[in-house]
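Quantities reported herein were computed from a predicted structural model and do not represent experimental measurements. Convention: sequence-line order gives letters A, B, ...; per-chain numbering from 1. Any value given below was found using the heavy atoms of this structure, including those in side chains, with hydrogens, waters and symmetry copies removed.
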2 protein chains.
Amino acid sequence: MRLSKRGEYGLRAMILLATPDPQGRAVMLQIREISERENIPVKFLEQILLALKNAGLLHSKMGVGGGYYLAKPAREITLGQIIRILDGPIAPVKCVSQVAYEPCGCPDEATCGLRMVMFDVRAAMTNILDKTSLEDVSQRVQAQRALLNRE
Amino acid sequence: MRLSKRGEYGLRAMILLATPDPQGRAVMLQIREISERENIPVKFLEQILLALKNAGLLHSKMGVGGGYYLAKPAREITLGQIIRILDGPIAPVKCVSQVAYEPCGCPDEATCGLRMVMFDVRAAMTNILDKTSLEDVSQRVQAQRALLNRE
DNA sequence: TACAAAGTCTATAGTATAAATAGACTTTTG
DNA sequence: CAAAAGTCTATTTATACTATAGACTTTGTA
């Protein structure tokens, strides 16, 4: 039941990109900078950001002074979207996935106890991940920073 | 965020063992029978049941007419216990695990946005898995069977 | 215009974990 | 004692995850 490194790194990068600068402006960051600040292997991060870009969540600027920035307001990007792009469906077993349904081999799906419970687990997970936006996360981080007096 | 086959098979087997026979008595089943009814490779299932036995959730009887049966009432065995035995900690990232905590490499754990959210996700998952017993599942299955008139 | 800084893209290597298989051993019953 | 059943450990195979490599394109600026 674990999030992959790919997913973890991608989420960390996106959260960083969603955190406005001290003047409250949206930020643009280079791969190298994200890599250093979050301890992520640079070449691995490269692939991850590219995937997020190709999925329409990031925009990029090439050449000198380039970098990555969010393709839309942090408010409109959820953690669930990011995880699905990087790790695939969130469902703990395929037979409860909405988008990637596959039978899981039980004799009778309609009366499969495992399926009933995993359906609930999936709902509990997506209930958080699909409702939490990057803005929500960024605000929680900033609130916590203020609380601890760390800038 | 997927349950392994090992975990899935183990849960399926335990649910079967928790379902009383038509006379309402606890059942004892042989590896082969579980394997056939649930389409689980017999040698793989063998390992899984053994692990559950060694963890104290199952008892077994060797020799002719032997088999596996629950070590305690279905009421007292939760899905969370089973999953932890077979798949390890439930937490989506190690840094929010209660029993198997490990730092996850973020610069400052106290203000890590990912950690905050994953903490909630973990709670949502364990809230279901640690509160749902084999009896709960077995009852849901039987209710559903009655509803569909399938015996 | 040339060069350096940055992202793009695809391939491949390495590693870990999951899944499955094998086989020899022990216990129990008839 | 023979057959039925669980026990135990090792090994193989497959797959997915993680990471690295390197050649390519775009853009700003000296």
Student: Could you tell me the separation between the CG atom of A:L45 and the P atom of D:dA21, rounded to a whole number of Å?
Tutor: 16 Å
Student: I'd like to know if B:Q47 reaches the base of C:dT21 with its side chain such that a donor and an acceptor end up less than 3.5 angstrom apart.
Tutor: yes
Student: Would you call B:D108 and B:R115 a salt bridge, using N to O less than 4.0 angstrom?
Tutor: no
Student: What is the distance, rounded to the nearest whole Å, between atom CG of B:L52 and atom C1' of D:dT7?
Tutor: 15 Å
Student: Report the C-alpha separation of A:I82 and A:T78 in whole Å, then their side-chain angles, then the decisive distance to 0.1 Å, and conclude whether the side chain to side chain contact (heavy atoms under 4.5 Å, CB included) test is met.
Tutor: CA-CA 7 Å; A:I82 298 169; A:T78 68; over 6 Å; no
Student: At 4.0 Å (heavy atoms only), tell me whether A:I31 reaches a base, stays on the sugar-phosphate, or touches nothing.
Tutor: sugar-phosphate
Student: Can you tell which of D:dG22, D:dT7, D:dA4 lies closest to the side chain of B:V64?
Tutor: D:dA4
Student: Any side-chain N or O of B:Y9 under 4.0 Å from OP1/OP2 of C:dA19?
Tutor: no
Student: Does a side-chain N or O from B:S4 land closer than 4.0 Å to OP1 or OP2 of C:dT17, or not?
Tutor: no
Student: Starting at atom CG of A:L50, determine the distance to atom P of D:dT20, rounded to an integer number of angstrom.
Tutor: 18 Å
Student: So, is B:N54 near the phosphate of D:dC8, with a side-chain N or O under 4.0 Å from OP1 or OP2?
Tutor: yes
Student: So which one's nearest nucleotide on DNA chain D is more toward 5', A:V42 or A:G65?
Tutor: A:V42
Student: Starting at atom CE of B:M28, determine the distance to atom C1' of D:dA5, rounded to an integer number of angstrom.
Tutor: 10 Å
Student: Side chain of A:E46 only, heavy atoms from C-beta on: which candidate in D:dG22, D:dG28, D:dA4 is closest?
Tutor: D:dG22
Student: Just wondering, more than 12 heavy atoms not from B:F44 lying within 6.0 Å of its CZ?
Tutor: yes
Student: Could you please spell out the steps behind the side chain to side chain contact (heavy atoms under 4.5 Å, CB included) verdict for B:V93 and A:R2?
Tutor: CA-CA 6 Å; B:V93 290; A:R2 197 96 80 263; 5.6 Å; no
Student: From CG of A:L29 over to P of C:dA6, roughly how many Å is that when rounded to an integer?
Tutor: 12 Å
Student: Between the side chains of B:S138 and B:Q142, does any donor sit under 3.5 Å from an acceptor?
Tutor: yes
Student: Select base, sugar-phosphate, or nothing to describe what A:K5 touches, counting heavy atoms under 4.0 Å on all strands.
Tutor: sugar-phosphate
Student: What's the CE-P distance between A:M62 and C:dC3, to the nearest Å?
Tutor: 20 Å
Student: Nearest whole angstrom, please: distance from the C1' of C:dA18 to the CZ of B:F44.
Tutor: 7 Å
Student: Looking at D:dG6, I'd like to know if its phosphate oxygens (OP1 or OP2) sit under 4.0 Å from a side-chain N or O belonging to B:K53.
Tutor: no
Student: Would one find a side-chain N or O of B:K61 under 4.0 angstrom from OP1 or OP2 of C:dT28?
Tutor: no
Student: Can you list the steps and then say if A:E36 with A:R32 is a salt bridge (Lys or Arg N to Asp or Glu O under 4.0 Å)?
Tutor: CA-CA 6 Å; A:E36 280 164 8; A:R32 179 164 316 173; 5.1 Å; no
Student: Output the rounded distance in Å from CG (A:D87) to C1' (D:dT18).
Tutor: 12 Å
Student: For B:P41 and A:Q30, take the nucleotide of DNA chain C holding the closest heavy atom to each; which residue's nucleotide lies nearer the 5' end?
Tutor: A:Q30
Student: Pick base, sugar-phosphate or nothing for A:R32, based on heavy-atom distances below 4.0 Å to the nucleic acid.
Tutor: nothing
